[in-house]
Amino acid sequence: MTVRVRRVYDPPEPDDGVRVLVDRLWPRGVSKDAARVDEWPKGLTPSTELRRWYHAGEGSFAEFTERYEAELAGPEEAELLDQVRELASAGDVTLLTASKSPGESHAAVLLRLLDGK
């Protein structure tokens, strides 16, 4: 099992496995055919308020991570996270994001939670 993060703008690769879009909004300029998204659990994404707060530069990545993990503790979010864990236990999973800095985004938080680190 491998879980990794890639930008949705990068072309799909044969070893991507199940491709999961982890952004709430569909990325600009990417067709659904080109993205080859298998799953799109919108409820797994940060709330609009949290996303706006973080993108406005009002807090650190560490504080964003803490707030996002608190959101992921909700019942619906926890169930969606478990569904992605099940996908990962069955094979490779690629988390897709349009973020320009995937390493400091919600996708990185999800990757850490899915890897159990």
S.K.: Can you give me the closest heavy-atom contact between Ala78 and Ala73, atom names plus distance?
M.R.: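 Taking Ala78 first and Ala73 second, the nearest heavy atoms are CB-O, 4.5 Å.
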S.K.: List in chain and number order the residues that pass side chain to side chain contact (heavy atoms under 4.5 Å, CB included) with Glu39, two or more places apart in sequence or in another chain; answer none if no residue qualifies.
M.R.: Val18, Val20, Pro41, Leu87
S.K.: Among pairs that include at least one residue of residues 53-67, which meet side-chain hydrogen bond (donor to acceptor under 3.5 Å, both in side chains), considering only residues two or more places apart or in two chains?
M.R.: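 Matches after skipping sequence neighbours: Glu63-Arg67.
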S.K.: Running the 4.5 Å side-chain criterion over Ile, Leu, Val, Met, Phe, Trp and Tyr, what cluster does Trp40 land in, apart from itself?
M.R.: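 Traced through the cluster, Trp40 reaches Val8, Tyr9, Leu21, Trp26, Val30, Val37, Leu96.
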S.K.: Restricting to pairs with a member in residues 70-111, which pass ring-ring contact (aromatic ring centres under 6.0 Å, His included), not counting sequence neighbours?
M.R.: none
S.K.: What's the separation between atom CZ in Arg36 and atom CZ in Arg19, rounded to the nearest 0.5 Å?
M.R.: 5.5 Å
S.K.: Does anything in residues 45-54 pair up under salt bridge (Lys or Arg N to Asp or Glu O under 4.0 Å), and if so which pairs, sequence neighbours excluded?
M.R.: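 Non-adjacent pairs meeting salt bridge (Lys or Arg N to Asp or Glu O under 4.0 Å): zero.
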S.K.: Restricting to non-hydrogen atoms, name the atom on Val3 and the atom on Ala88 that form the minimum distance, rounded to 0.1 Å.
M.R.: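 Looks like CG2-CB, 3.6 Å.
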S.K.: So, using side chain to side chain donor-acceptor pair (under 3.5 Å) as the criterion, who are the partners of Ser105 when residues are at least two apart?
M.R.: none
S.K.: Taking the side chain as every heavy atom from C-beta outward, state whether Leu44 and Leu110 have any atom pair closer than 4.5 Å.
M.R.: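 A side-chain contact under 4.5 Å exists here.
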S.K.: Go through the steps for Thr94 and Val5 under the test side chain to side chain contact (heavy atoms under 4.5 Å, CB included), then give the verdict.
M.R.: CA-CA 6 Å; Thr94 299; Val5 173; over 6 Å; no
S.K.: Which heavy atom of Asp23 sits nearest a heavy atom of Ser99, and at what distance?
M.R.: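 Closest pair (atom of Asp23, atom of Ser99, distance): OD2-N, 4.4 Å.
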S.K.: Once ring-ring contact (aromatic ring centres under 6.0 Å, His included) is applied, what residue pairs with a partner in residues 78-99 remain, sequence neighbours excluded?
M.R.: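 Non-adjacent pairs meeting ring-ring contact (aromatic ring centres under 6.0 Å, His included): zero.
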S.K.: Can you name the salt bridge (Lys or Arg N to Asp or Glu O under 4.0 Å) partners of Arg4, sequence neighbours left out?
M.R.: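 In terms of salt bridge (Lys or Arg N to Asp or Glu O under 4.0 Å), with neighbours along the sequence ignored, Arg4 is linked to Glu13, Asp15, Asp16.
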S.K.: Shortest non-hydrogen contact from Pro102 to Ala108?
M.R.: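 Shortest heavy-atom separation between Pro102 and Ala108 comes out as O-CB, 3.4 Å.
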S.K.: Can you list everything that forms a side chain to side chain donor-acceptor pair (under 3.5 Å) with Arg7? Sequence neighbours excluded, please.
M.R.: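 Expected list: none.
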S.K.: Can you pull the side-chain hydrogen bond (donor to acceptor under 3.5 Å, both in side chains) pairs that have at least one residue in residues 78-90, sequence neighbours excluded?
M.R.: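 Checked against side-chain hydrogen bond (donor to acceptor under 3.5 Å, both in side chains) - neighbours excluded - the pairs reaching residues 78-90 are Asp82-Arg85.
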S.K.: With sequence neighbours left out, what residues match Glu71 under side chain to side chain contact (heavy atoms under 4.5 Å, CB included)?
M.R.: Pro46, Ser47, Leu50, Tyr68
S.K.: Distance check, rounded to the nearest 0.5 Å: Leu95 atom CG versus Thr97 atom OG1?
M.R.: 9.0 Å
S.K.: Answer yes or no: is there a side-chain heavy-atom contact under 4.5 Å between Val93 and Leu114?
M.R.: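 A side-chain contact is absent here, since even the closest heavy-atom pair is not under 4.5 Å.
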